[in-house]
Amino acid sequence: MERLGIAGPLSRFQLEGRVKGVQSSRLRVLNDAPVKFDGKFVLYWMVASRRTRFNFGLEHAIDRARALDKPLVVLEALRIDYPWASERFHRFVIDGMADNAERFRKADIQYYPYVEPRPEAGKGLLAELGRHACSIVTDDFPSFMIPRMLEAAARQAVVQLEAVDSNGLMPLAAADRAFPTAHSFRRFLQRELREQLIEFPKANPLARLQLPSLKKLPASILERWPTASDSLLSGTDEVLRELPINRSVAATDVVGGAEAARKTLRRFIERIDDYAEERNRLDAEGTSGLSPYLHFGQLSSHEICRKLLDREDWAIDQLGEGTSGSREGWWGLSRSAEAFLDQLVTWRELGYNMCRQRTDYDRFESLPDWAIRTLQEHAGDTREHVYSLEEFEEAATHDELWNAAQRQLRRDGTIHNYLRMLWGKKILHWSENPLHALETMIELNNKYALDGRNPNSYSGIFWVLGRYDRPWGPERPIFGKVRYMTSNNTARKLKVAGYLERYGKD
DNA sequence: ATCGGCTCGCGCAA
DNA sequence: TGCGCGAAGCCGAT
């Protein structure tokens with residue numbers, strides 16, 4: 001498609017009008033297999049963007065179906081045995097399947113939610129569906145198991161498999177290197193983001209669809225891989241209870257799915273003005289709470305951005321010309337709105353960039369040289385406290401504030417914005433060595449955090465060890481030149497009493 | 001309450 | 001080659 005530079009001010013109305021196809025920079029063809037024109041349907045294999053709105057992948061699959069004049073089938077699958085799978089994540093994803101089922105039902109699209117009942121049971125489903133399909137469209141995603149899963153699918157698919165990048169405002173392919181600091185990435189964004197702001201996906205790609213409808217999926221497939229039942233999706237039956245998954249990580253009080261996501265978004269937008277002031281307070285509801293929905297793709301950063309910009313009556317001519325990378329002033333918005341967009345766009349997409357650019361994003365070696373050097377120099381320092389993974393996991397340290405943060409992680413699947421940093425810094429402080437600390441952080445975060453396994457979780461964990469940061473003096477034991485934090489100082493800065501009360505015990 | 005020093009590397013200006 | 005500056009800090013001095 002044609003990509004236009006923007007010469008002058010452009011109204012939102014004009015922005016809405018420019019919707020054609022998905023940009024080529026968001027599209028990767030993963031294999032050499034052909035499109036089968038006599039297939040029964042186009043298959044959208046939903047793996048990372050688990051939503052029906054603001055979704056380039058779904059939009060592209062619909063375009064494909066329309067061009068071929070075929071029905072669309074949407075497969076959303078949930079494996080039983082992926083690393084760290086538990087009742088917590090299953091509940092969240094299944095909540096989302098219920099929302100998607102409702103939306104696709106109204107649009108008369110064959111939606112095929114599949115919840116694997118036991119390990120290996122889902123094997124062959126994609127291949128079998130692929131044999132009936134004209135082509136397959138799926139979601140691109142740069143971390144955890146999805147890159148490997150897509151490679152495997154590409155090897156076995158007998159029709160064309162395309163992956164669409166619906167991860168963020170910038171296509172992952174727009175950058176050809178990893179950025180060492182938020183500042184340098186911000187500079188990149190300030191040069192390149194302008195033209196992406198006219199490339200938003202459709203708010204509702206299901207509107208006014210006129211695709212041929214497919215009444216039934218092949219019976220041979222449904223017999224072997226039955227669709228998740230309505231009662232499973234609604235969360236009222238025993239099926240989830242009987243699934244052989246880790247039940248020690250229980251569901252949280254956070255309801256999953258695109259509907260809950262949009263409700264959370266609406267409520268956050270109402271209090272956006274307080275964001276800059278309150279996001280680091282322990283005794284306020286300052287943060288957005290959107291991270292889990294973003295992680296599972298139940299909410300799009302485009303939709304968040306659109307809602308925020310609309311509410312601020314923003315137009316593209318408010319964008320600053322400067323590309324100095326400074327944190328405030330570029331969007332031309334209020335302090336709170338800019339602070340939030342810096343999180344949503346700069347920091348979020350910085351992490352995605354790292355995972356796309358470096359296959360070792362989850363390894364110690366991916367840290368900057370100065371951090372590796374200084375941590376290694378201090379790896380043998382004497383430690384006053386050394387805890388095992390189990391002691392950390394059980395919140396059994398000598399530090400009550402730390403223990404409370406760990407209990408919040410276990411109970412709620414998240415740690416307060418500010419305490420998260422302290423949580424990691426103390427794991428570094430109280431582990432046998434920095435490698436152990438890294439393993440502990442990854443294990444606990446991926447196991448308990450709703451937004452674990454996401455590029456941004458890795459940014460947070462590696463920030464503790466120096467990624468995206470700079471050296472700080474004075475040089476200290478264990479930390480070396482890596483930024484140091486203490487519970488005492490945190491307690492001086494924040495009102496911790498209520499938090500300690502709330503998470504003081506299990 | 002606020003300030004400087006601690007320390008390194010990037011990217012731009014010269 | 002020099003210079004400014006950077007996710008959230010800490011500590012001690014003013």
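From a predicted model like this one, the values you see are computed outputs, not experimental measurements. Proteins get letters first, then strands, A, B, ... in listed order; numbering begins at 1 in each. Note: hydrogens, waters and symmetry copies are ignored here, and every other heavy atom, side chains too, is used.
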Q: Represent DNA chain B in dot-bracket notation, 5' to 3'. Only Watson-Crick or G-U wobble pairs with both distances under 3.5 Å count; pseudoknot-style crossings use [ ] and interstrand partners use |.
A: ||||||.||||||.
Note: [X]-[Y] ion pair, threshold 4.0 Å (strictly below):
X      : Y      : answer
A:R335 : A:E277 : yes
A:R279 : A:E285 : no
A:D81  : A:R79  : yes

(Q) Less than 4.0 angstrom between a side-chain N/O of A:R327 and OP1 or OP2 of C:dG6, yes or no? (A)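 It does not, given that no N or O in the side chain of A:R327 lies less than 4.0 Å from OP1 or OP2 of C:dG6.
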**Q.** C:dA8 phosphate, OP1 or OP2, under 4.0 Å from A:R279 side-chain N/O
**A.**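 Indeed not, no polar side-chain atom of A:R279 lies that close.
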**Q.** Spacing of A:H183 atom NE2 relative to C:dC3 atom P, expressed in whole Å
**A.**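 Whole-Å distance recorded here is 18 Å.
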Q. Quick one: A:R335 CZ to C:dA8 P, roughly how many Å, whole number?
A.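 These atoms are roughly 14 Å apart.
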Ring-ring centroid check [X] [Y], cutoff 6.0 Å:
X      : Y      : answer
A:F268 : A:Y275 : yes
A:Y468 : A:W347 : yes
A:F141 : A:Y352 : yes
A:F92  : A:F296 : yes
A:H302 : A:F56  : yes

Q) To the nearest 0.5 Å, how far apart are CD1 in A:I245 and OG in A:S86? A)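 Reported to 0.5 Å precision, the distance equals 6.5 Å.
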Does [X] have any side chain to side chain donor-acceptor pair (under 3.5 Å) partners at least two apart in sequence or in another chain, and if so, which?
X      : value
A:R411 : none
A:R356 : A:D140
A:R88  : none

Q: May I ask you to check if A:K425 and A:W463 form a cation-pi contact, with NZ or CZ under 6.0 angstrom from the six-membered ring centre and within 45° of the axis?
A: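 Checked: cation-pi criterion met.
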Proximity to DNA chain C (any heavy atom under 4.0 Å), residues of [range] only:
range                       : answer
residues 336-346 of chain A : A:Q343
residues 358-365 of chain A : none
residues 457-470 of chain A : A:W463, A:R470

For nucleotides [N] and [M], find the distance between their [atom1] atoms and express it as a whole number of Å.
N      : M      : atom1 : result
C:dA7  : B:dA1  : C1'   : 22 Å
C:dC5  : B:dA14 : P     : 14 Å
C:dC10 : B:dG9  : C1'   : 22 Å

(Q) Do A:F392 and A:S431 have side chains that approach each other closer than 4.5 Å (heavy atoms only, starting at C-beta)? (A)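 SC-SC contact between A:F392 and A:S431 confirmed.
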Q: With the side chain counted from C-beta on, respond yes when A:S300 and A:R51 share a heavy-atom pair under 4.5 Å apart, and no when they do not.
A: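 In short, these two side chains touch, coming nearer than 4.5 Å.
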Need one value for [X]: base, sugar-phosphate or nothing, where a base atom within 4.0 Å counts as base even if backbone is also close, heavy atoms only.
X      : result
A:R420 : nothing
A:R191 : sugar-phosphate
A:R348 : nothing

Report, one line per pair, each donor and acceptor closer than 3.5 Å where one atom sits in a side chain of residues 476-485 of chain A; sequence neighbours left out.
unit_1	atom_1	unit_2	atom_2	d
A:R483	NE	A:D469	OD2	2.7
A:R483	NH2	A:D469	OD1	2.6
A:R483	NH2	A:D469	OD2	3.2

Between protein and nucleic acid, restricted to nucleotides 10-14 of chain C and to nitrogen or oxygen atoms under 3.5 Å apart, what atom pairs and distances do you find?
unit_1	atom_1	unit_2	atom_2	d
C:dC10	OP1	A:T486	N	2.8
C:dC10	OP2	A:N489	ND2	2.4

Q. First and last nucleotide of DNA chain B in contact with chain A, 5' to 3', at under 4.0 Å to a heavy atom: what are they?
A.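 The contacted stretch runs from B:dC6 to B:dC12.
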Q. Considering residues at least two apart in sequence or located in another chain, which fulfil the ring-ring contact (aromatic ring centres under 6.0 Å, His included) criterion with A:F89?
A.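 Counting only residues at least two positions away or on another chain, A:F89 forms no ring-ring contact (aromatic ring centres under 6.0 Å, His included).
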(Q) If you count every heavy atom of other residues, nucleotides or ligands that lies below 6.0 Å from A:R502 atom CZ, does the total exceed 12? (A)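 Atom CZ in A:R502 is not packed in, count stays at 12 or less.
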Q: Please name all residues satisfying salt bridge (charged side-chain N to carboxylate O under 4.0 Å, His left out) with A:E393, sequence neighbours left out, ordered by chain then number.
A: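 Partners of A:E393 by the salt bridge (charged side-chain N to carboxylate O under 4.0 Å, His left out) criterion, ordered by chain and then number, come out as A:K447.
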